[in-house]
Amino acid sequence: MSRTEQLSALEQLEQLEHEIRSSVGVRLFTVLAWLPARRVLHRAHSSHPDQYPVGGEKSVEVAAGWLERCIERQLPYLGADRACVREVFADHRTIEALGCGAVVNAPVVDGGRTLGVLSVLDAEGHYDQAAVQRVCALAHRAVPALHACIDRTDRPATAV
């Protein structure tokens with residue numbers, strides 16, 4: 001059994017946050033699981049649980065083009081400035097209040113299936129294409145944790 005398999009989902013995502021912080025820098029880091037049946041993003045990890053609690057969900061609060069790009073086409077998104085962040089995210093005021101004005105979103109894909117997305121935010125102008133490549137290179141590390149999250153949360157409601 002590998003070291004990654006031995007870590008809990010929480011530990012895996014905390015370790016991933018540390019690696020991204022060391023690699024590209026980050027003020028706000030969240031990992032979102034994609035639940036396609038409900039078309040929601042379920043927060044599996046957050047560096048700021050007061051503002052972005054684990055377990056919180058986003059329905060289509062993001063621009064349709066973002067969903068198509070990141071979830072359906074499995075391509076990363078770079079929002080290099082506040083205008084890009086405002087254009088895509090309904091919660092841009094909260095994002096800006098945390099001092100963030102740039103975002104990298106990297107899809108997490110396993111076997112051709114989109115499991116979710118890494119959301120990496122920092123000050124306006126902080127990220128470029130090189131940062132996108134570094135975040136994308138680390139995205140696969142969220143696969144086991146997102147599988148666990150999806151298995152736990154994407155279940156049909158049971159009758160009482």
Side-chain angles (χ1 to χ4, degrees), residues 2-63 66-67 69-72 74 76-79 85-86 88-111 113-123 126-127 131-132 134-158 160:
S2 73
R3 172 82 175 124
T4 301
E5 292 170 332
Q6 294 172 359
L7 295 175
S8 72
L10 174 63
E11 291 168 326
Q12 290 170 26
L13 296 177
E14 286 174 347
Q15 184 178 59
L16 177 58
E17 179 182 346
H18 175 76
E19 291 176 54
I20 287 177
R21 191 173 302 284
S22 297
S23 176
V24 298
V26 63
R27 289 186 191 194
L28 171 62
F29 176 71
T30 62
V31 179
L32 302 157
W34 174 240
L35 307 180
R38 295 177 30 223
R39 292 192 57 81
V40 298
L41 293 163
H42 177 91
R43 198 170 299 107
H45 177 80
S46 174
S47 64
H48 288 71
D50 290 338
Q51 294 88 350
Y52 292 98
V54 170
E57 293 185 346
K58 288 183 169 195
S59 57
V60 186
E61 296 173 6
V62 294
W66 183 94
L67 279 174
R69 179 178 184 85
C70 290
I71 301 300
E72 295 169 16
Q74 301 173 337
Y77 173 76
L78 170 62
V85 172
R86 287 181 190 136
V88 173
F89 299 104
D91 58 341
H92 61 85
R93 286 186 181 89
T94 304
I95 290 169
E96 289 176 8
L98 293 171
C100 299
V103 61
V104 173
N105 294 123
V108 179
V109 179
D110 186 38
R113 175 182 168 207
T114 303
L115 299 179
V117 65
L118 304 183
S119 190
V120 180
L121 297 98
D122 209 320
H126 187 81
Y127 300 124
V132 172
R134 288 194 301 272
V135 173
C136 287
L138 293 170
H140 72 280
R141 296 194 187 198
V143 166
L146 285 177
H147 272 299
C149 179
I150 291 166
D151 290 347
R152 197 175 56 250
T153 57
D154 197 21
R155 295 185 178 165
T158 56
V160 179

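Just so it is clear, the values below take in all heavy atoms, side chains as well, and ignore hydrogens, waters and symmetry mates.
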Check the pair Val24, Val135 against side-chain contact (heavy atoms from CB on, under 4.5 Å), reporting the backbone distance first and the verdict last. CA-CA 8 Å; Val24 298; Val135 173; 3.8 Å; yes
Evaluation steps, side-chain contact (heavy atoms from CB on, under 4.5 Å), between Trp34 and Arg39: CA-CA 7 Å; Trp34 174 240; Arg39 292 192 57 81; 4.0 Å; yes
Hey, mind stepping through Val120 and Arg134 against side-chain contact (heavy atoms from CB on, under 4.5 Å) and telling me if it holds? CA-CA 11 Å; Val120 180; Arg134 288 194 301 272; over 6 Å; no
Carefully, step by step, assess Leu35 and Glu57 under the rule side-chain contact (heavy atoms from CB on, under 4.5 Å). CA-CA 10 Å; Leu35 307 180; Glu57 293 185 346; 4.0 Å; yes
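Interatomic distance, CD of Glu17 versus CG of Leu28, reported as 9.0 Å (0.5 Å rounding). For the atom pair Leu146 CG and Arg141 CZ, the distance stands at 14.5 Å (nearest 0.5 Å). In this structure, the separation between SG on Cys100 and CZ on Phe29 is 13.0 Å, given to the nearest 0.5 Å. The distance from atom CG of Asp91 to atom CG of Leu98, rounded to the nearest 0.5 Å, is 9.5 Å. How far CD1 of Ile20 is from CG of Leu138: 5.5 Å, rounded to the nearest 0.5 Å. The NE2 atom of His42 sits 4.5 Å away from the OG1 atom of Thr153 when rounded to the nearest 0.5 Å.
Qualifying side chain to side chain donor-acceptor pair (under 3.5 Å) partners for Ser47, counting only residues two or more places apart in sequence or in other chains: none. His147 is linked by a side chain to side chain donor-acceptor pair (under 3.5 Å) to Asp110, counting only residues two or more places apart in sequence or in another chain. For Ala145, the side-chain contact (heavy atoms from CB on, under 4.5 Å) partners are Ala9, Gln12, Leu13, not counting sequence neighbours. Arg43 pairs by the side-chain contact (heavy atoms from CB on, under 4.5 Å) definition with Thr30, Leu32, Ser46, Tyr52, Pro53, Lys58, not counting sequence neighbours. Evaluation of the side chain to side chain donor-acceptor pair (under 3.5 Å) rule for His126 yields no partner, not counting sequence neighbours.
In terms of heavy atoms, Phe89 sits closest to Ile95 at CB-CD1, 4.0 Å. Here the closest non-hydrogen pair linking Val132 and Leu78 is CG2-CB, 3.8 Å. In terms of heavy atoms, Val85 sits closest to Val103 at CG2-CG1, 4.1 Å. Minimum heavy-atom separation, Ala44 to Cys149: CB-SG, 3.9 Å. Of all non-hydrogen atoms in His48 and Arg27, the two that sit nearest each other are CE1-O, 2.6 Å. Taking each heavy atom of Cys70 and Asn105 in turn, the nearest pair found is SG-CB, 4.0 Å.
Contact annotation: the side chain of His18 never approaches that of Glu14 to less than 4.5 Å [non-hydrogen atoms, C-beta and beyond].
Within the structure, salt bridge (Lys or Arg N to Asp or Glu O under 4.0 Å) pairs that include any residue of residues 97-107 do not occur (at least two apart or interchain).
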